[in-house]
Student: 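First, the structure itself, so that you have it in front of you.
Chain letters run A, B, ... following the sequence lines, proteins first, then strands; residues in each count from 1.
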There are 2 protein chains.
Amino acid sequence: MAAPDTGTVYRADCPSRPILDQIADKWSMMAMAVLAEPRRFNDIKRRLEGVTQRVLTQTLRRLERNGMIVRRVLPTSPVGVEYSLTPLGESLREPFGRLYDWTVAHTGEIHESQQRYDKRLRAEES
Amino acid sequence: MAAPDTGTVYRADCPSRPILDQIADKWSMMAMAVLAEPRRFNDIKRRLEGVTQRVLTQTLRRLERNGMIVRRVLPTSPVGVEYSLTPLGESLREPFGRLYDWTVAHTGEIHESQQRYDKRLRAEES
DNA sequence: CGGAATCCGATTGGATACTG
DNA sequence: CAGTATCCAATCGGATTCCG
């Protein structure tokens, strides 16, 4: 199976660790999905309902630094900026998509588990 | 392809959002991988080099609440606690494994991109 | 052994105002 | 339009101590 060998990974020097830190967060995953086609800043912002300008900027900067997306300034007036996926970023959409599909498929199960857990906790506290 | 439709997802009420918030973090992913076989608290802690007791406890609690793992108190002295994956948690290892494999495969590319980015940034500041 | 509780510095993130 | 800058509140997380 695809999962890592549990004997050798997840030490402090495991190369996957800093990378997961950089890309495995909510907004990065959403931004990558939305960037299936090139989009401009405010377009992305509108689609990621709830994200603030500050956080979106930081997210896009980090994705750019890690080679997932490219930032292109358009020669318009006023200036426009278009973001698009690199081949590297494109290749990440597949594993991300798997994860997304999984969450959608198991949403109900998870919510039920949460409610059972919270109920049990409240019962113990009484 | 497996990725979500960019026209309809990532709204505030998209069911994937709170779930990704809960599971798509570094320590959760590492803990899930390490729990390929049932393990006790301090065993997990040793394998996740760098994690503190506090953070590991919080991580395991959240995974338990979301139905990914079960916590079993062993009738030993002193008490032992064993964590193991539920079927739901087991099913998550596959998409997680894909993501892990991806990070390992592209570590080099990402580091190069980071260095190019940082270098370019320093050049502009001067 | 496997936590819970507390303290506290560091980081995050929202709101707001300003800019080329 | 696409940011940057600043302020500030909340959260996170490390270290330490105590407990059944």
Student: If you only use heavy atoms from C-beta on, which nucleotide in C:dA4, D:dA2, D:dT4 is closest to the side chain of A:Asn42?
Tutor: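 So the nucleotide nearest the side chain must be D:dA2.
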Student: Test of understanding: with side chain to side chain donor-acceptor pair (under 3.5 Å), list the residues that count as partners of B:Arg40, not counting sequence neighbours.
Tutor: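 In terms of side chain to side chain donor-acceptor pair (under 3.5 Å), with neighbours along the sequence ignored, B:Arg40 is linked to no residue.
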Student: When the distance from CG of B:Leu74 to C1' of C:dG3 is rounded to whole Å, what number comes out?
Tutor: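 Answer to the nearest Å: 14 Å.
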Student: Work out how much the helix from C:dC1-D:dG20 to C:dG20-D:dC1 bends between its end axes, five pairs an end, to the nearest 10 degrees.
Tutor: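 About 50° separates the two local helix axes.
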Student: Give a yes or no answer on whether the side chain of A:Thr59 reaches the backbone of A:Val55 with a donor-acceptor pair at less than 3.5 Å.
Tutor: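 Indeed, once roles are kept as given, a pair shorter than 3.5 Å links the two residues.
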Student: At their closest point, which heavy atom of B:Ile44 faces which heavy atom of B:Tyr83, and how far apart are they?
Tutor: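 Scanning both residues completely, I find the closest heavy atoms to be CD1-CD1, 3.9 Å.
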Student: A:Val70: which residues meet the side chain to side chain contact (heavy atoms under 4.5 Å, CB included) condition with it, sequence neighbours left out?
Tutor: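 Expected list: A:Ser84, A:Thr86.
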Student: Which whole-number value in Å describes the distance from A:Arg46 CZ to D:dC1 C1'?
Tutor: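 Taking atom C1' of D:dC1 as the reference, CZ of A:Arg46 is at 11 Å.
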Student: Could you state the atom-to-atom distance from CD of A:Gln22 to C1' of C:dT12 in whole Å?
Tutor: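 Going from CD in A:Gln22 over to C1' in C:dT12 covers 15 Å.
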Student: Rounded to the nearest angstrom, tell me the gap between atom NZ in B:Lys45 and atom P in C:dC1.
Tutor: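 Spelled out: NZ on B:Lys45 to P on C:dC1 is 11 Å.
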Student: By side chain to side chain contact (heavy atoms under 4.5 Å, CB included), which residues pair with A:Arg46, not counting sequence neighbours?
Tutor: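 Only A:Asn42, A:Asp43 meet the side chain to side chain contact (heavy atoms under 4.5 Å, CB included) criterion with A:Arg46.
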Student: Can you measure from CZ (B:Phe41) to CG (B:Leu56) and round to the nearest 0.5 angstrom?
Tutor: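 Between atom CZ of B:Phe41 and atom CG of B:Leu56 there are 4.5 Å.
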Student: Reckon A:Arg61 has a side-chain N or O less than 4.0 Å from the OP1 or OP2 of D:dT4?
Tutor: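 True: A:Arg61 side-chain N/O within range (under 4.0 Å) of D:dT4 OP1/OP2.
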Student: Whether A:Arg71 contacts D:dG3 is assessed here as follows: a side-chain N or O lying under 4.0 Å from the phosphate OP1 or OP2. Is that the case?
Tutor: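 So the side chain of A:Arg71 is within the cut-off, an N or O lying under 4.0 Å from OP1 or OP2 of D:dG3.
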Student: So if I define the base as every atom that isn't primed, P, OP1 or OP2, how would nucleotides 13-20 of chain D read as a B/S/- string at a heavy-atom cutoff under 4.0 Å?
Tutor: BBB----B
Student: Do any side-chain nitrogens or oxygens of B:Tyr83 fall under 4.0 Å of OP1 or OP2 in C:dC1?
Tutor: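 So the side-chain polar atoms of B:Tyr83 never come under 4.0 Å of the phosphate oxygens OP1 or OP2 of C:dC1.
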Student: According to salt bridge (Lys or Arg N to Asp or Glu O under 4.0 Å), does anything in residues 25-34 of chain B pair up with another residue at least two apart or in another chain? List the pairs.
Tutor: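 Every salt bridge (Lys or Arg N to Asp or Glu O under 4.0 Å) pair that includes a residue of residues 25-34 of chain B, provided the two are not neighbours, is A:Asp21-B:Lys26, B:Asp25-B:Arg62.
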Student: Are the side chain of B:Ser113 and the backbone of B:Glu109 linked by a donor-acceptor contact shorter than 3.5 Å?
Tutor: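 Checked: no pair found.
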Student: Take the protein atom CG of B:Leu60 and the nucleotide atom C1' of C:dC1, then report the distance between them rounded to whole Å.
Tutor: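 Rounding to the nearest Å, CG of B:Leu60 and C1' of C:dC1 are 14 Å apart.
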Student: Between atom NZ in A:Lys26 and atom P in C:dT12, what is the gap in whole Å?
Tutor: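 That distance rounds to 15 Å.
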Student: Expressed in angstrom and rounded to an integer, what is the separation of B:Leu56 atom CG from C:dC1 atom P?
Tutor: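 Rounding to the nearest Å, CG of B:Leu56 and P of C:dC1 are 14 Å apart.
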Student: Any idea which heavy atoms bring A:Ser28 and A:Gln22 closest together, and the distance?
Tutor: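 Closest approach of A:Ser28 to A:Gln22: OG-O, 4.0 Å.
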Student: I need the CD1-P distance between A:Ile69 and D:dA2, as an integer number of Å.
Tutor: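 From A:Ile69 CD1 to D:dA2 P: 13 Å.
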